[in-house]
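The structure is given below, and queries will be raised subsequently.
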Amino acid sequence: METSEEETVARTYEVRTDGRPVIEKNRPVPAPAAGEVLVRVKASSLNARDLPIVSGRYSRPVPPGRVPLSDGAGIVEAVGAGVSRFRAGDRVTSSFHPSWLYGSLDGWDELYGVQLDGWLTEYIAVGEQSLVPVPEHLSFEEAATLPCAALTAWSALSGVGPGDTVLLQGSGGVSIFALQFARVAGARVLVTTSSAGKAQRLRALGASDVIDYAGTPEWGARVRQLTGGHGADLVVEIGGAGTIAQSITALAQGGRISLVGNLADGDGMDLTQFLNRGATLRTVTVGSRSDFERMNRVISRHRLRPVVDRVFPFAEAPDAFTYFATGTHFGKVVIRH
Ligand SMILES: NC(=O)c1ccc[n+]([C@@H]2O[C@H](COP(=O)([O-])OP(=O)(O)OC[C@H]3O[C@@H](n4cnc5c(N)ncnc54)[C@H](OP(=O)(O)O)[C@@H]3O)[C@@H](O)[C@H]2O)c1
């Protein structure tokens with residue numbers, strides 16, 4: 001059988017260190033080994049971690065030529081020997097932690113874009129256990145937003161139910177998913193943002209109150225005021241050191257903080273106030289495949305659609321990184337392959 005070059009070559013982006021985020025290269029289409037699935041990638045999405053990865057500022061070493069992005073969705077093109085979970089034509093997404101199926105995470109040595117080549121490519125071969133079926137009502141562009149941001153939001157909100165008050169920070173990928181999931185769970189949601197335009201969109205998605213964190217540096221007290229002195233039962237902490245002191249002020253007695261990000265510089269937290277609140281701090285590390293599958297059941301049942309800010313064509317992938325770095329996005333930035 002004759003095969004054209006188009007069928008054997010996968011256009012792929014690699015990290016580089018000369019100022020531009022990524023460079024396009026041709027790589028051979030991988031053959032799926034036993035237990036592996038070859039995915040034709042149709043879309044990928046960016047997360048905050050991808051900026052330090054492509055600019056040499058990530059907390060772990062990234063070898064030159066690494067393919068970035070943890071989040072992708074596509075079609076199963078072929079399966080290796082012994083594969084039983086998928087067959088050609090199935091629609092699948094990546095898992096952020098490819099080997100974390102359930103229970104507790106036991107390591108950080110399998111990260112796409114760091115130790116493993118990631119999803120900013122036309123074809124990838126991965127273990128069948130690492131893939132998750134795409135909810136039927138979602139497009140590839142929408143599905144590609146789920147593996148990191150959506151699952152992190154899902155894990156961060158664990159235990160939230162009707163009557164709870166949740167405080168979210170900003171309008172990025174994790175926070176917008178958290179807003180959608182918290183509303184489905186019946187919680188009241190307050191959100192902080194730096195942008196008046198984004199505030200309107202947050203209200204349209206169901207936020208009861210939006211606070212301008214730049215104009216109201218004491219936004220923790222404002223949350224208590226807006227909740228009649230009760231405070232937030234759960235804060236999804238995106239800012240970290242620079243925001244956690246205000247988050248503690250915002251907390252209800254016995255409240256919880258899900259520690260997700262560290263986007264804001266600052267001095268940290270007042271432990272005495274934290275102890276007086278009887279509060280709990282819980283760290284979040286995205287989630288397992290089993291968490292992902294449970295989340296997808298809720299996404300399907302409620303026909304939830306991810307908020308996609310902008311879709312870039314594959315040929316303009318470097319521009320997607322540049323745009324993402326401006327921080328003007330609302331929800332997710334996606335690349336169509
Ligand atoms: N632990 C985990 O498992 C996990 C998983 C995913 C992400 N993360 C971390 O979570 C954070 C968010 O990730 P992402 O992908 O959602 O990022 P993103 O899409 O880039 O969102 C960033 C948003 O955060 C908001 N923000 C920045 N500084 C803020 C501050 N001082 N106060 C309130 N909001 C602030 C801004 O919202 P406005 O424009 O509205 O002001 C900004 O748009 C990152 O630190 C990321 O590394 C952790």
Side-chain angles (χ1 to χ4, degrees), residues 45-53 57-60 69-71 95-97 100 105 108 111-114 144-158 167-180 190-203 205 207 210-220 222-223 235-247 250 257-267 281-288 291-292 295 306-310 320-334:
S45 82
L46 272 61
N47 292 288
R49 71 188 283 274
D50 299 312
L51 294 177
I53 283 177
R57 291 180 288 111
Y58 195 62
S59 53
R60 293 176 170 78
L69 301 192
S70 56
D71 290 17
S95 291
F96 185 87
H97 297 288
W100 184 17
L105 178 67
W108 290 90
L111 296 173
Y112 289 118
V114 183
T145 68
L146 302 180
C148 181
L151 188 51
T152 299
W154 174 263
S155 300
L157 289 181
S158 166
L167 174 64
L168 306 175
Q169 297 171 354
S171 56
V174 174
S175 295
I176 299 286
F177 275 117
L179 172 52
Q180 292 177 296
L190 294 87
V191 191
T192 64
T193 183
S194 58
S195 148
K198 290 177 175 181
Q200 276 196 351
R201 300 176 69 186
L202 290 163
R203 283 199 187 86
L205 284 172
V210 182
I211 305 165
D212 168 7
Y213 62 80
T216 312
E218 302 292 322
W219 45 265
R222 181 77 183 127
V223 170
V235 179
V236 178
E237 183 64 51
I238 293 293
T243 49
I244 200 162
Q246 286 301 310
S247 297
I257 297 179
S258 285
L259 179 58
V260 167
N262 201 14
L263 281 180
D265 291 332
D267 292 335
L281 177 69
R282 174 176 167 259
T283 57
V284 176
T285 49
V286 190
S288 67
D291 297 326
F292 198 162
M295 175 186 80
V307 175
V308 175
D309 173 89
R310 196 164 155 186
F321 286 87
T322 309
Y323 172 71
F324 191 74
T326 66
T328 52
H329 57 282
F330 182 90
K332 295 296 293 177
V333 174
V334 169

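We count ligands from 1, going down the list as the structure has it; atoms in each ligand are counted the same way. We count residues from 1, following the sequence as given.
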Within the distance-only criterion (no hydrogens, no angle test), does the side chain of S155 pair as donor or acceptor with the backbone N or O of V286 below 3.5 angstrom?
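It does hold such a pair.
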Quick check against the 3.5 Å criterion: does S171 have a side-chain atom that pairs as donor or acceptor with the backbone of F330?
no
Will you find, in the side chains of T192 and Q246, an N or O donor that is under 3.5 Å from an N or O acceptor?
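No, no side-chain donor-acceptor contact under 3.5 Å.
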Backbone of A241 reached by a side-chain donor or acceptor of N262 within 3.5 Å
yes
If I compare all heavy atoms of V191 with all of L167, which pair ends up nearest, and what's the gap?
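What the structure gives for the nearest pair is N-CD1, 4.4 Å.
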Donor-acceptor contact below 3.5 Å, side chain E237 vs main chain I257
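It does not hold such a pair.
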Pairwise, report which nitrogen or oxygen atoms of ligand 1 are under 3.5 angstrom from protein nitrogen or oxygen atoms, and how far apart they are.
unit_1: ligand 1; atom_1: 1 (N); unit_2: V260; atom_2: O; d: 3.0
unit_1: ligand 1; atom_1: 1 (N); unit_2: V284; atom_2: O; d: 2.6
unit_1: ligand 1; atom_1: 3 (O); unit_2: V284; atom_2: O; d: 3.2
unit_1: ligand 1; atom_1: 3 (O); unit_2: V286; atom_2: N; d: 2.7
unit_1: ligand 1; atom_1: 15 (O); unit_2: A48; atom_2: N; d: 3.2
unit_1: ligand 1; atom_1: 16 (O); unit_2: G173; atom_2: N; d: 3.2
unit_1: ligand 1; atom_1: 16 (O); unit_2: V174; atom_2: N; d: 2.9
unit_1: ligand 1; atom_1: 19 (O); unit_2: G173; atom_2: N; d: 2.9
unit_1: ligand 1; atom_1: 19 (O); unit_2: H329; atom_2: NE2; d: 3.0
unit_1: ligand 1; atom_1: 20 (O); unit_2: H329; atom_2: NE2; d: 3.2
unit_1: ligand 1; atom_1: 37 (O); unit_2: S171; atom_2: N; d: 3.2
unit_1: ligand 1; atom_1: 39 (O); unit_2: K198; atom_2: NZ; d: 2.8
unit_1: ligand 1; atom_1: 40 (O); unit_2: S171; atom_2: N; d: 3.1
unit_1: ligand 1; atom_1: 40 (O); unit_2: S171; atom_2: OG; d: 2.7
unit_1: ligand 1; atom_1: 40 (O); unit_2: T193; atom_2: OG1; d: 2.5
unit_1: ligand 1; atom_1: 41 (O); unit_2: S194; atom_2: N; d: 3.0
unit_1: ligand 1; atom_1: 41 (O); unit_2: S194; atom_2: OG; d: 2.6
unit_1: ligand 1; atom_1: 41 (O); unit_2: Y213; atom_2: OH; d: 2.6
unit_1: ligand 1; atom_1: 45 (O); unit_2: N262; atom_2: N; d: 3.4

